[in-house]
Amino acid sequence: MSTDEPLVRIRDLRFSRGERVIFDGVDIDIPRGAVTAIMGPSGTGKTTLLKLIGGQLRPDSGSIEVAGEAVHRLGTRDLYRLRMRMGMLFQSGALLTDISVFDNVAYPLREHTGLPESLIRKLVLLKLEAVGLRGARELMPNELSGGMARRVALARAMALDPMMIMYDEPFTGQDPISMGVLVELIRSLNDASGLSSVIVSHDVAETARIADLIYVISNGKVIEHGAPEAMLNSSSAWTSQFMNGLADGPVPFHYPAPELKVDLLGGA
Amino acid sequence: MLNQLAALGRIGIGTLQQLGRGHLLLLHILSGVPALFGRPRLLLNQIFAVGVLSLLIVAISGTFVGMVLGLQGYYILSQFGAEQTLGVMVAASLVRELGPVVTALLFAGRAGSALTAEIGLMKATEQLSGLEMMAVNPVKRILTPRFLAGFISMPLLAAIFSALGVIGGYFVGVGLLGVDDGAFWSQMQAKIDLHEDVFNGVIKSLVFGLVCTWIALFQGYSALPTSEGVSRATTRTVVHSSFAVLGLDFILTALMFGE
Ligand SMILES: Nc1ncnc2c1ncn2[C@@H]1O[C@H](COP(=O)(O)OP(=O)(O)OP(=O)(O)O)[C@@H](O)[C@H]1O
Ligand SMILES: [Mg+2]
């Protein structure tokens, strides 16, 4: 199982949205069996990166390989086959709003496995138990809080026992208790089932606690990568600014814009 | 001058692009039809949402349109002493024209706008992306059953519209204005042709059903994923569907009834 070959290998990735360059030559290796965190300021393209890995967006150039397959060159059928082995937790949860929590978690099982309903019920209850929401199975998605919705989405992402799960901001909107449980859960899921996890987050403390490897991206480039301790004590001004949450430093807080003075005086 | 030309060209290209994307989507939707036979539940649920829930408005409108036809028809026909043919007039105008056309317009307003809003919101809330990441094709899984449901429901709704319209016309003509009961029905039976009238009306409603559902799904699927984008798409569905129905009705009528 554990070869040295990384699960996801990204090379010289370039991607832009219209005029705006999001990735400008990014290399990332996501190892098997580990928790890898992608961190970076809001709007740098973390969600975009996950969508590129999942094959929902295609890069302008460069390559993205998942388990040895070039995602950006797969046909629909192969892409879908690959996606069955990747779980993704959307920032918003992305639950189907017209069916209950139970049916949401059962959905991928019913679509892809053809298991008998009695077995599906057991599996769903186990997954819901793992995220602490077995009691909420009859609720509809609009009756859940944002944090609960994200945990249901996690149960759904785990339903098919994928080889990797991508988490988009799993920690936002969680209270301290469910945050702690979630951190434990991501860790134990990863270790117990030989999963690989990718976490996108700007929650430095939680992420540093759980990750084996951290990539910091900003301005379309990988700024630095390494183990959490190394990153927290990094000598790079970029990394230490971000990891320690300092306002002043080389990482810009502002979306690119002309100088404020120019904008204010230049009113039409 | 040049700018205006360029703008015109841009509009032209944009329209062609939309049309192209619409047709590609239609092909994609149709490619999902075979798989649907294995899962009739999906289709039945949508026929309920699209068809059954439109039943009330279609039934009420049909009855009233038929009553008005009975009234107006009687006033005109009785001037020529031809009020015995009221049944023919009511049935022919309903089956040939008003049934398919008015039902399609109501359908676009009731079911089409709902479809667009539903699909657009599913896109805006990342539900469609979520399906894709679960290796479920959102076009085949979500759009195809809705498309087929619209296509199947429209002719049935139009038939109900026409049938209730005839009853409404009968109620006014025979019940209130004193047209002869036997003449009303027997004239209708003698003059309404199965092929010429009924069959052509069914073809019209099939075409309208296809076009209205297609427009609604395309608008929802290509809506900008924001509240404003969805609301605009919903408006476009109703406007485009209405134009398409009225324009196509003229063409189809010319083809069917012109010599
Ligand atoms: N559909 C889109 N069309 C055009 N630009 C987009 C689109 N989606 C995202 N962007 C742009 O891409 C950039 C990256 O977006 P992305 O959602 O990946 O950021 P992020 O790193 O996930 O941010 P956050 O931490 O706030 O979620 C943003 O600057 C945004 O303006
Ligand atoms: Mg994001």
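Computed over heavy atoms, backbone and side chain alike; hydrogens, waters and symmetry mates excluded. Lettering follows sequence order; numbering is per chain, from 1.
Within 6.0 Å of atom CZ in A:R14, more than 12 heavy atoms from other residues, nucleotides or ligands are found, so the atom counts as buried in its surroundings. Around the CD atom of A:E117, the shell of radius 6.0 Å holds more than 12 heavy atoms that belong to other residues, nucleotides or ligands. The neighbour count for A:R187 CZ, taken as heavy atoms of other residues, nucleotides or ligands under 6.0 Å away, is above 12. Applying the 6.0 Å contact sphere to CZ of B:R21 captures more than 12 heavy atoms from other residues, nucleotides or ligands. For CZ of B:R236, the number of neighbouring non-hydrogen atoms (other residues, nucleotides, ligands) closer than 6.0 Å is greater than 12.
At a 4.5 Å heavy-atom cutoff, the contact between A:L95 and chain B is made by backbone atoms alone.
Among A:H112, A:M166, A:Q91, the residue making the largest number of heavy-atom pairs under 4.5 Å with chain B is A:H112. Counting heavy-atom pairs closer than 4.5 Å to chain B, the top residue among A:M84, A:M86, A:R156 is A:R156. In terms of non-hydrogen atom pairs under 4.5 Å with chain B, the most contact-rich of A:T76, A:L160, A:L96 is A:L96.
Contacts between residues 136-148 of chain B and chain A, counted as heavy-atom pairs separated by less than 4.5 Å, involve B:V136, B:N137, B:P138, B:R141. Contacts of residues 101-131 of chain B with chain A at a heavy-atom distance below 4.5 Å involve B:M122, B:T125, B:E126, B:Q127, B:S129, B:G130, B:L131, listed in sequence order.
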B:M133 vs A:Q56, side-chain contact (heavy atoms from CB on, under 4.5 Å): CA-CA, chis, key distance, verdict:
CA-CA 8 Å; B:M133 284 309 298; A:Q56 290 198 302; 3.8 Å; yes

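Of the charged side-chain nitrogens involved, none lies within less than 4.0 Å of a carboxylate oxygen, so that A:K51 and B:E132 do not count as a salt-bridged pair.
B:M134 CE to A:L109 CG: the interatomic distance, rounded to the nearest 0.5 Å, is 10.5 Å.
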